[in-house]
Amino acid sequence: MKIVVDLNRCQAYAQCAFLAPQVFELHGEEALLYTPQAPEHQRDQVQRAAAACPVQAILVEEEGGPDVR
Ligand code: SF4
């Protein structure tokens, strides 16, 4: 599963890092690091993180398919 975070939108609220710590990691106050290709078994966590992001900065895509949010 492919993940894209719009880092221009991201306000480093860290909701995603809290809900899917294997995929999203906050370094310091505002540097978000994430895994752009996450394993399928983390989909639930990732989708919860995407839904929880206050600024909808996280997009989750099917492998080779359209955005499924
Ligand atoms: S929840 Fe959204 S705003 Fe907060 S760190 Fe994650 S991507 Fe950024």
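Just follow the structure's listing: the first ligand is 1, and inside any ligand the first atom is 1. The first residue in the sequence is number 1, and the count goes up from there.
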Check whether any side-chain N or O of Gln11 sits under 3.5 Å from a backbone N or O of Arg9 as a donor-acceptor pair, and report yes or no.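 The answer is yes, because a donor-acceptor pair under 3.5 Å joins these two groups.
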Could you tell me whether a side-chain N or O of Arg48 sits under 3.5 Å from a main-chain N or O of Ala20, the two making a donor and an acceptor?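 A pair under 3.5 Å: no.
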Can you tell which of Thr35, Leu33, Leu19, Ile3 makes a side-chain contact (heavy atoms from CB on, under 4.5 Å) with Phe24?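 The option that passes is Ile3.
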Minimum-distance protein heavy atom relative to atom 3 (S) of ligand 1: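 Going by distance alone, atom 3 (S) of ligand 1 is nearest to Gln11 N, 3.3 Å.
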Could you tell me which atoms of ligand 1, counted from 1 in the order shown, lie closer than 4.0 angstrom to a heavy atom of Val55?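 Under 4.0 Å from Val55, ligand 1 has these atoms: 3 (S).
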Mind listing the closest non-hydrogen atom pair of Pro21 and Gln45 along with its distance?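 Closest heavy-atom pair between Pro21 and Gln45: CD-OE1, 4.4 Å.
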Taking the side chain as everything from C-beta on, heavy atoms only, tell me whether Val4 gets closer than 4.5 Å to Pro36.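 Side-chain contact under 4.5 Å: no.
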Is it true that Tyr13 and Leu26 fall in one hydrophobic cluster, defined by side-chain heavy atoms closer than 4.5 Å?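 Not linked; separate clusters.
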Between Val5 and Val55, is there a shared hydrophobic cluster once you connect ILVMFWY residues whose side-chain heavy atoms come closer than 4.5 Å?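 Unlinked, Val5 and Val55 end up in two clusters.
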Atom 6 (Fe) of ligand 1: which protein N, O or S atoms are under 2.8 Å away?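 N, O, S partners closer than 2.8 Å: Cys16 SG.
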